[in-house]
2 protein chains.
Amino acid sequence: MPKAGLTAAAVTEAAAALVDEVGFDQLGMGLVAERLGIKTPSLYKHVNGQTDLAHRIAILAMNQCADAIRDAIQGRSGTEALARGAQAMRTFVKDHHGRYAAANAARPTGPGDPLIDALNRVVDSWAAMLHGYRIDPDQQIHALRMLRTVLHGYASLEAASGFQFATDIDDSFTWMIDFIDHGLQETTTNSTPSHKAAPGVTL
Amino acid sequence: MPKAGLTAAAVTEAAAALVDEVGFDQLGMGLVAERLGIKTPSLYKHVNGQTDLAHRIAILAMNQCADAIRDAIQGRSGTEALARGAQAMRTFVKDHHGRYAAANAARPTGPGDPLIDALNRVVDSWAAMLHGYRIDPDQQIHALRMLRTVLHGYASLEAASGFQFATDIDDSFTWMIDFIDHGLQETTTNSTPSHKAAPGVTL
DNA sequence: CCAAGTGGCTAATGTCGTTAGCTATAGACT
DNA sequence: AGTCTATAGCTAACGACATTAGCCACTTGG
């Protein structure tokens, strides 16, 4: 394949950087092309239109997010893993709200879509954060969904600058994670201690 | 004012019904006009463009959401208010995911924007759900933000059909609300019993 | 019955995503 | 080296859509 020029990955990263600056709703082929120093139609040699580009940004974002959490909880477990993983996800979203918005807007195109793998990687990261809490297997899925809900909810609100006038958002976040940590330790007082990771596909 | 025809409110409600069906991202002046039996440019006699229309949908949605919660928790308090209010919000979002998406996308245009009042009504509804839990005043803002985070997060995920293959979402939701209820009752074991509602403006 | 204001329409404009077709250059092959 | 082929990028053109300008008709108030 001659003509080094650009690649789909390079276009995607440029577009991701763009939406992190101007917001996902401002994504436009013209802006991306301008940033790459080429004309708009040339983008179509690398990407199948704006929808495809947004889809690629979403995959990139979810993989990066999963990486960030994985790195943050390396070797830790329980309370510490929860706190560090939650913070990692939060800072990732704060620094890359455009990517994250793209990921939220994206829908898998069908089975085999790499987006599904990326999403599952994130879910696995969350599941890993729940390791160390000896949660009743029947309740693991609920705990996982709660974790997802809380992390997504907070990130989403913060990305949309939903907490407008507040200065002590950090305090609220750590308070909330503490709250969940305490609750999860209570939950442990139940039945069998077998704690296996929740399967990625079940969400 | 002659010519009964249409009003801004009627256009807004038609558009809100539309986005609930086709999704907020599919909102277009053409579709709204078609639904009202008029041509596209005629909409501009009632609404200042698509942005304004989306903004009006957001205000409508937040007011309706606040109404739904208020009706659900009438006279209740504590655990019961939390459970009923949360369910009310959830079903509202499930039935009106388009409106809700519009509300999330909307940004207040400035001070005096009716959208701010509508948002504050919702926050007040959430604050009302926390009445009856004797929460340390210093922690009220954190608890309120957590509640907001959880409800928004869940609603947002469900609206975007984020919980794809799961059939037991209802169980997870009630489990989560139970989890929070228990945690809030623990939190009560602290200091002074004075519990005033959090002010609406502080978010 | 007349005057005025307003809702709706058609026509036109600008923006933006997308497609079609051309050109030049970078690598492959002899 | 010389030629052939594939392709990255470009210009031109199209289509969808939001928006604006200007016109007409009907409804209301006197």
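Heavy atoms only: backbone and side chains are in, while hydrogens, waters and symmetry mates are out. Naming: A, B, ... by sequence-line order, numbering from 1 per chain.
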**Student:** Could you check how far CD1 of B/Ile38 sits from C1' of D/dC24, rounded to whole Å?
**Tutor:**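 Checked: the CD1 to C1' distance equals 17 Å.
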**Student:** Without decimals, in angstroms, what is the distance between B/Asp52 CG and D/dT20 P?
**Tutor:**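 So the CG-P distance, B/Asp52 to D/dT20, works out to 12 Å.
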**Student:** How about A/Tyr100 and A/His96: are their ring centroids closer than 6.0 Å?
**Tutor:**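 A/Tyr100 vs A/His96: aromatic centres not under 6.0 Å.
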**Student:** Whole-Å distance between C/dG17 P and A/Glu34 CD?
**Tutor:** 12 Å
**Student:** Grab the OH-P distance between B/Tyr44 and C/dG8 for me, whole Å please.
**Tutor:** 15 Å
**Student:** So, is B/Ser42 close to the C/dC9 phosphate, meaning a side-chain N or O under 4.0 Å from OP1 or OP2?
**Tutor:**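 Answer is yes, contact under 4.0 Å.
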**Student:** Does B/Thr51 or A/Thr40 map to a spot on DNA chain D nearer the 5' end, using the closest nucleotide for each?
**Tutor:**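 By nearest-heavy-atom nucleotide position, the 5'-most residue is A/Thr40.
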**Student:** Can you tell me how far P of D/dC10 sits from CE of A/Met29, to the nearest Å?
**Tutor:**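 Between P of D/dC10 and CE of A/Met29: 13 Å.
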**Student:** Could you check B/Thr109 against B/His55 for side chain to side chain donor-acceptor pair (under 3.5 Å), going step by step and ending with a plain yes or no?
**Tutor:** CA-CA 9 Å; B/Thr109 61; B/His55 192 256; 4.7 Å; no
**Student:** Of the nucleotides C/dT10, C/dG17, D/dT19, which one has an atom closest to the side chain of A/Gln50?
**Tutor:**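 Taking heavy atoms from C-beta onward, the closest nucleotide is C/dG17.
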**Student:** Record whether the side chain of B/Lys45 comes under 3.5 Å of the base of C/dG8 through a donor-acceptor pair of N or O atoms.
**Tutor:** yes
**Student:** In whole angstrom, what separates A/Leu53's CG from C/dG17's P?
**Tutor:**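 My rounded result for the distance is 11 Å.
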**Student:** How about NZ on A/Lys94, more than 12 heavy atoms from neighbouring residues, nucleotides or ligands closer than 6.0 Å, or not?
**Tutor:** yes
**Student:** Check whether more than 12 heavy atoms from other residues, nucleotides or ligands sit under 6.0 Å from atom CD of B/Glu21, and answer yes or no.
**Tutor:**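 Buried by this count: over 12 neighbours within 6.0 Å.
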**Student:** How long is the line joining NZ of A/Lys39 and P of D/dA12, in whole Å?
**Tutor:** 11 Å
**Student:** Using OP1 and OP2 only, check whether a side-chain N or O of A/His46 sits under 4.0 Å from D/dG9.
**Tutor:** yes
**Student:** I need the CD-C1' distance between A/Gln26 and C/dT15, as an integer number of Å.
**Tutor:** 13 Å
**Student:** From C-beta outward on A/Leu6, which listed nucleotide comes closest to its side chain: D/dT11, D/dA21, D/dG9?
**Tutor:** D/dG9
**Student:** Can you tell whether the side chains of A/Arg56 and A/Asp52 come within less than 4.0 Å, N to carboxylate O?
**Tutor:** yes
